[in-house]
Each structure stands twice: as structure tokens, then as C-alpha cells.
*Asks:* 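The structure's right below; bear with me while I get my questions together.
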Amino acid sequence: MARTVADIADFTPIFVRYDVKIAPKKRGAADVSTDPVLQAIARGVVEGDEDAVSEATDKALASKGPEAVIDTLIAGMREVSKLWDDGVYYLPQVILSSDALMVGLTKAEDAMGGKATKKGTVVMHCAHGDIHDIGKNIAAALIRANGFKVIDLGSDVPEDTVVKAVKENKAHLVTGTALMTTTMSAFAKIADMLKKEGIELPFVCGGGAVSEEYVTSFDMGVYADQAKDGPAFAADAASGMSWQDMRAKWNLVV
Ligand code: B12
């Protein structure tokens, strides 16, 4: 008897919508808070739902304060990273999540309010070729809110633009963020270019791809793994602490 298409293949999986297929895995994103309002923020980031993040952030700012909101946004993004690493999320979902995170971050930053006095100047950037700016944006918001002037050069910044900004603004601190192994080598180049210009200042480097070992392999480099430490790095640099002393204070590899 002749076989039909139905005999040779089960096409059911093809007709399952992608979003239906990933829903159970998405639900597997860990709860990051026992507090329902904070959990709603994290869930909004995981879902890439700007409205949900906005609404929950308003509620949380009224009762918990901006720091709790920022910690929760970071925790939500950590779950998104896991979903990406597990192959559940692709670029579109991650872009929606990072946009949703930015909605909460902007509100939290507004709530913190920049203090009027400027305690020092910090030049911040993401490495040449690198567009991953979430960690840099969080650190920038916290540093600004703590009364420092932040010159945010954005992402994918050429090395000479960073050097020029440090020079022109007489910066106390320069920071770099890199999420890709292919882009972080820009930091060593910048440190070298600064040195040739006769400029020495602490250069705080962070981002997923970056290791303490790498950052402490070139002069001026001080490794950072937490955006919340940004204001303390800025305060150390503005008080005149050398990069060597900052490295000894913050890093294990000296
Ligand atoms: C979000 C994301 C994206 C978003 C970026 C959106 C945005 N506006 O940033 C989008 C979808 C656009 C994207 C694109 C790409 N991505 Co991507 N992406 C990610 C993902 C899922 C999460 C990264 C993230 O935001 N983490 C959360 C933040 C908060 O972490 P963070 O920046 O490291 O910051 C923390 C610390 O490092 C520190 N910190 C950082 N900076 C600073 C600065 C200071 C001063 C201080 C004090 C602290 C500090 O503070 C934070 C914690 O508190 C990772 C996966 C992963 N597991 O990391 C991949 C990942 C980084 N991406 C990757 C890749 C390859 C790409 C693409 C090339 C994909 C492609 N094929 O097109 C493009 C890159 C384009 C480019 N030229 O840059 C790879 C990089 C691999 C590698 N090691 O080289 C990763 C690791 C995924 C993977 N496993 O393959 N991506």
C-alpha cells in the first residue's frame, strides 16, 4: 500500500508556535525576589515587557527605593543571560529585555536625583566594536546620582575618542566596559595611548568578558565586577588615589 505524508512524518512540532514552545522554559527563569513588587520588575525584564517594568518600578520606588530597583533589574537581566546561554532566547528577546531594563533604570536614576555639587569627573565608555552597554549604563546612573560629573561616550567608542575625552575633561577616572573577548583588548591600547600622552589615572574596567587577571596585566587597569561599586571607585579617584593604590584596594591580583 502506498505511503502517505502522514505515515512518514509527524509535523505537529512544526506547527507549534515558537512563543508557545519557549513559554515553559521562560517560566523556568528563577524568581529573584520574594517581594511581589520587586519580582514583578524582574519578571518584566525577563518578559521584555516595558509597561510591566514601568508600573512595578513606580510602585517599588514609592516603598523600597531606587537601589532595590536597580539590584532587581540586574538580577532580572542575569536570568535573561541564562536564557540566552541556554539557547531559549535569541537577539529579539534580549533586545526587548534590555529595553525594558532601561525603562526601570531611567526611573530609578531620576528618583535618585543628581546631587548639585560635582565631586569629580568620570569618562565612561564601552569598548570599540562593543555595543553591550547595560552594565555601563547602570554604573553611570549610580555614579551620576552620587554627585560626579559623568561624560558618557556611549558604546563602540574608538580608542582615540576616549583618550581625547580624558584629556579635554581633565578626568579623575576613566572606565571601560567590554562583553566580548574580541573587544576588550582596546583597554590595553587606551592605557598605552594615555601613557604616551603623559597621562596617568585609574582606568576601571568591567563587563562579562573581562577578567581581573587581564585588567591588571596593563598599567592603570583596575578591575570592577559590580556596577554598584562605581561611586566608590569614583570617590577614590577624585580623592587623588593612584591607580596602584586603587588596584591594591580593589583587586586580588596586584
Ligand atoms: C544583552 C546581550 C546582548 C544585547 C545587548 C543590548 C545592550 N544594549 O547592551 C544584544 C542583543 C544587542 C546583543 C548583541 C550581541 N551579542 Co550579546 N549578549 C547579551 C547577554 C545576553 C547579556 C549581557 C548583559 O547585558 N549582561 C548584564 C549586564 C548588567 O552585565 P555587564 O555588562 O557585564 O555588567 C556587570 C559587570 O560586568 C559590571 N560592570 C560592567 N561595566 C562596568 C563599569 C563600571 C565602571 C563598573 C564599576 C562595573 C561594571 O557591573 C555589572 C554587574 O553589576 C550576553 C550573555 C551573557 N551570558 O552575558 C550576550 C553576549 C555578551 N553577547 C554575545 C555576542 C556574541 C553578541 C553578538 C555578536 C551576537 C550576534 N551574533 O550578533 C552581538 C554583538 C554586537 C556587538 N558588536 O557588540 C556573547 C559574547 C561572547 C564573547 N565572550 O565574546 C555573549 C557572552 C553571549 C554568548 N555566550 O555567546 N547581546
Side-chain angles (χ1 to χ4, degrees), residues 29 32 42 45-46 48 67 69-106 108 120-146 148 150-158 162 171-187 201-212 214-215 220-238 243 246-247 249-251:
V32 304
V45 171
V46 172
E67 285 81 7
V69 169
I70 291 176
D71 285 348
T72 309
L73 292 168
I74 294 173
M77 200 61 207
R78 207 175 296 129
E79 292 306 310
V80 174
S81 299
K82 281 188 212 154
L83 290 169
W84 166 292
D85 290 342
D86 291 347
V88 180
Y89 271 13
Y90 294 96
L91 288 184
Q93 291 90 359
V94 175
I95 290 170
L96 289 175
S97 288
S98 67
D99 288 350
L101 177 143
M102 283 309 293
V103 169
L105 182 62
T106 307
T121 301
V122 183
V123 167
M124 304 184 73
H125 84 290
C126 295
H128 199 180
D130 206 318
I131 62 162
H132 296 91
D133 63 358
I134 297 173
K136 187 262 297 161
N137 291 343
I138 294 168
L142 293 169
I143 293 172
R144 244 190 318 259
N146 277 272
F148 296 89
V150 170
I151 315 281
D152 187 344
L153 301 174
S155 46
D156 184 14
V157 185
V162 180
H172 297 92
L173 177 71
V174 56
T175 81
T177 299
L179 272 284
M180 297 197 291
T181 40
T182 46
T183 57
M184 65 179 188
S185 55
F187 297 153
L201 81 169
F203 184 8
V204 169
C205 302
V210 176
S211 69
E212 184 168 313
Y214 173 66
V215 176
M220 299 184 223
V222 181
Y223 175 70
D225 69 339
Q226 292 296 328
K228 68 174 165 47
D229 294 331
F233 281 117
D236 284 352
W243 62 264
M246 279 182 66
R247 188 184 284 181
K249 176 179 169 185
W250 290 96
N251 297 163

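In this text the structure is predicted, and so the values were computed from the model without any measurement. Both counts, for ligands and for their atoms, begin at 1 and track the order of listing.
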*Asks:* Please list the nearest protein heavy atom to atom 42 (C) of ligand 1 with its residue and the distance rounded to 0.1 Å.
*Replies:*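 Of the protein heavy atoms, T177 OG1, 3.4 Å lies nearest.
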*Asks:* Report yes if some N/O of F233 lies less than 3.5 Å from some N/O of ligand 1; otherwise report no.
*Replies:*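 No: no nitrogen or oxygen of F233 is under 3.5 Å from one in ligand 1.
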*Asks:* Going by distance only, is there an N or O of G129 that falls short of 3.5 Å from an N or O of ligand 1?
*Replies:*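 Such a contact does occur with ligand 1.
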*Asks:* Got a donor-acceptor contact below 3.5 angstrom from the D130 side chain to the L179 backbone?
*Replies:*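 Answer holds: yes.
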*Asks:* Counting only heavy atoms on the protein side, is anything nearer than 4.0 Å to atom 82 (C) of ligand 1?
*Replies:*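 Within 4.0 Å: yes, protein heavy atom nearby.
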*Asks:* Which residues pass the salt bridge (charged side-chain N to carboxylate O under 4.0 Å, His left out) test with D133, sequence neighbours left out?
*Replies:* none
*Asks:* Of the choices A234, A224, P231, which has the non-hydrogen atom that lies closest to atom 46 (C) of ligand 1?
*Replies:*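 It is A224 whose heavy atom sits nearest to atom 46 (C) of ligand 1.
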*Asks:* Nearest protein heavy atom to atom 20 (C) of ligand 1, by residue and atom, and its distance?
*Replies:* S81 OG, 4.3 Å
*Asks:* Run the side-chain contact (heavy atoms from CB on, under 4.5 Å) test on N137 and L105 for me, step by step, so that the C-alpha distance in whole Å, both residues' side-chain angles and the decisive distance to 0.1 Å come before the verdict.
*Replies:* CA-CA 8 Å; N137 291 343; L105 182 62; 3.9 Å; yes
*Asks:* Please work out, at 4.0 Å between heavy atoms, whether the side chain, the backbone, both, or neither of D133 comes within that distance of ligand 1.
*Replies:*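 Both backbone and side chain.
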*Asks:* Measuring only between side-chain heavy atoms, which start at C-beta, is I70 closer than 4.5 Å to E67?
*Replies:*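 No, too far: nothing below the 4.5 Å cut-off.
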*Asks:* Looking at atom 5 (C) of ligand 1, tell me if a protein heavy atom falls under 4.0 Å from it.
*Replies:* yes
*Asks:* Show me which atoms of ligand 1 lie under 4.0 Å from any heavy atom of D85.
*Replies:*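 Heavy-atom distances to D85 below 4.0 Å select 55 (C), 57 (N), 89 (N).
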*Asks:* I'd like to know if the side chain of D86 and the backbone of V88 have a donor-acceptor N/O pair within less than 3.5 Å.
*Replies:* no
*Asks:* I'd like to check which ligand 1 atoms, numbered from 1 as shown, lie under 4.0 Å from a non-hydrogen atom of G208.
*Replies:* 33 (O), 37 (O)
*Asks:* With atoms numbered from 1 as shown, which atoms in ligand 1 lie under 4.0 angstrom from a non-hydrogen atom of S98?
*Replies:*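 Contacts of ligand 1 toward S98, numbered from 1: 6 (C).
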*Asks:* Measure across V174 and V162 and return the closest heavy-atom pair with its distance rounded to 0.1 Å.
*Replies:* CG2-CG1, 3.8 Å
*Asks:* With respect to D229, determine whether any N or O atom, backbone or side chain, lies less than 3.5 Å from an N or O atom of ligand 1.
*Replies:*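 It does not: no N or O of D229 is found under 3.5 Å from an N or O of ligand 1.
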*Asks:* Below 4.5 Å, heavy atoms only, C-beta onward: do W250 and D236 meet side chain to side chain?
*Replies:*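 Contact flag for W250/D236 side chains = yes.
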*Asks:* Quick test: of every protein heavy atom, which one is nearest to atom 34 (O) of ligand 1, and how far off is it to 0.1 Å?
*Replies:*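 For atom 34 (O) of ligand 1, the nearest protein heavy atom comes out as G135 CA, 3.4 Å.
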*Asks:* May I ask you to test the I143-M124 pair for a side-chain heavy-atom distance under 4.5 Å?
*Replies:*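 The answer is yes; the side chains approach within 4.5 Å.
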*Asks:* Which salt bridge (Lys or Arg N to Asp or Glu O under 4.0 Å) pairs, counting each pair once, include a residue from residues 221-235, with sequence neighbours left out?
*Replies:*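 Found none.
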*Asks:* Report the member of D130, I134, L83 with the shortest heavy-atom distance to atom 25 (O) of ligand 1.
*Replies:*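 Result: the heavy atom closest to atom 25 (O) of ligand 1 is in I134.
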*Asks:* Do side-chain atoms of H125 reach the backbone of D152 as a donor and acceptor pair under 3.5 angstrom?
*Replies:*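 No: the side chain of H125 does not pair with the backbone of D152.
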*Asks:* What are the atoms of ligand 1, with element, lying closer than 4.0 Å to any heavy atom of G207?
*Replies:*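 In order of numbering, the contacting atoms are 33 (O), 37 (O), 39 (N), 40 (C), 41 (N).
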*Asks:* Just wondering, do K249 and M246 contact through their side chains at under 4.5 Å, heavy atoms?
*Replies:*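 When only atoms from C-beta onward are counted, K249 and M246 do not touch, as no gap falls below 4.5 Å.
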*Asks:* Give me the residue, atom name and distance of the protein heavy atom closest to atom 85 (C) of ligand 1.
*Replies:*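 The answer is W84 NE1, 4.3 Å.
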*Asks:* Does any N or O of ligand 1 fall below 3.5 Å from an N or O anywhere on H132, backbone included?
*Replies:* yes
*Asks:* Grab the two heavy atoms, one from V45 and one from L101, that are nearest each other, plus how far apart they are.
*Replies:* CG2-CA, 4.2 Å
*Asks:* So which heavy atom on A42 is nearest to which on V32, and how close?
*Replies:* CB-CG2, 3.2 Å
*Asks:* Among protein heavy atoms, which lies nearest atom 68 (C) of ligand 1, and at what distance?
*Replies:*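 Protein heavy atom at minimum distance: M180 SD, 3.9 Å.
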*Asks:* Is atom 54 (C) of ligand 1 close to the protein, meaning a heavy atom under 4.0 Å from it?
*Replies:*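 Protein heavy atom within 4.0 Å of atom 54 (C) of ligand 1: absent.
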*Asks:* What protein heavy atom is closest to atom 11 (C) of ligand 1, reported as residue, atom name and distance in Å?
*Replies:*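 Result: L91 CD2, 3.4 Å.
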*Asks:* Where is the tightest heavy-atom contact between S155 and I131, given as atom of each residue plus distance?
*Replies:*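 Shortest heavy-atom separation between S155 and I131 comes out as CB-CA, 3.9 Å.
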*Asks:* Where does M77 meet ligand 1, judged by heavy-atom distances below 4.0 Å: at the side chain, the backbone, both, or neither?
*Replies:*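 For M77, only side-chain atoms sit under 4.0 Å from ligand 1.
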*Asks:* Heavy atom to atom 2 (C) of ligand 1, shortest distance: which of L173, V94, I74 holds it?
*Replies:* V94
*Asks:* Below 4.0 Å, non-hydrogen atoms only: which portion of A227 touches ligand 1? Side chain, backbone, both or neither.
*Replies:*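 The part of A227 near ligand 1 is both the backbone and the side chain.
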*Asks:* Would you say atom 30 (O) of ligand 1 touches the protein, meaning some protein heavy atom is under 4.0 Å from it?
*Replies:*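 For atom 30 (O) of ligand 1 the answer is no, since every protein heavy atom stays at 4.0 Å or beyond.
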*Asks:* Kindly give the heavy-atom pair with the smallest separation between I134 and S98, and that separation in Å.
*Replies:*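 Closest approach of I134 to S98: CD1-CB, 3.2 Å.
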*Asks:* For ligand 1, find out whether one of its N or O atoms is nearer than 3.5 Å to an N or O atom of V80.
*Replies:*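 Looking only at distances, the answer is no, because the N/O contact criterion of under 3.5 Å is not met.
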*Asks:* If you have a sec, work out which protein heavy atom is nearest atom 86 (C) of ligand 1 and how many Å separate them, to one decimal?
*Replies:*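 Sorting protein heavy atoms by distance from atom 86 (C) of ligand 1 puts L179 O, 4.4 Å first.
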*Asks:* Any idea which heavy atoms bring G129 and M180 closest together, and the distance?
*Replies:* O-CE, 3.6 Å
*Asks:* Is the closest N or O pair between K228 and ligand 1 shorter than 3.5 Å?
*Replies:* no
*Asks:* Hey, is I131 touching ligand 1 through its side chain, its backbone, both or neither, going by heavy atoms under 4.0 Å?
*Replies:* both
*Asks:* State whether the shortest distance between N or O atoms of T181 and N or O atoms of ligand 1 falls below 3.5 angstrom.
*Replies:* yes
*Asks:* Between the side chain of Q93 and the main-chain N/O of Y90, is any donor-acceptor distance below 3.5 Å?
*Replies:*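 Answer holds: yes.
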*Asks:* Evaluate the 4.0 Å heavy atom contact test for atom 37 (O) of ligand 1: does a protein atom fall under the cut-off?
*Replies:*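 Protein heavy atom within 4.0 Å of atom 37 (O) of ligand 1: present.
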*Asks:* Any donor and acceptor pair, going by atom type alone, linking the side chain of Y214 with main-chain N or O of Y223 inside 3.5 Å?
*Replies:* no
*Asks:* Which residue and non-hydrogen atom of the protein lie closest to atom 44 (C) of ligand 1, and at what distance in Å?
*Replies:*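 Result for atom 44 (C) of ligand 1: A139 CB, 3.7 Å.
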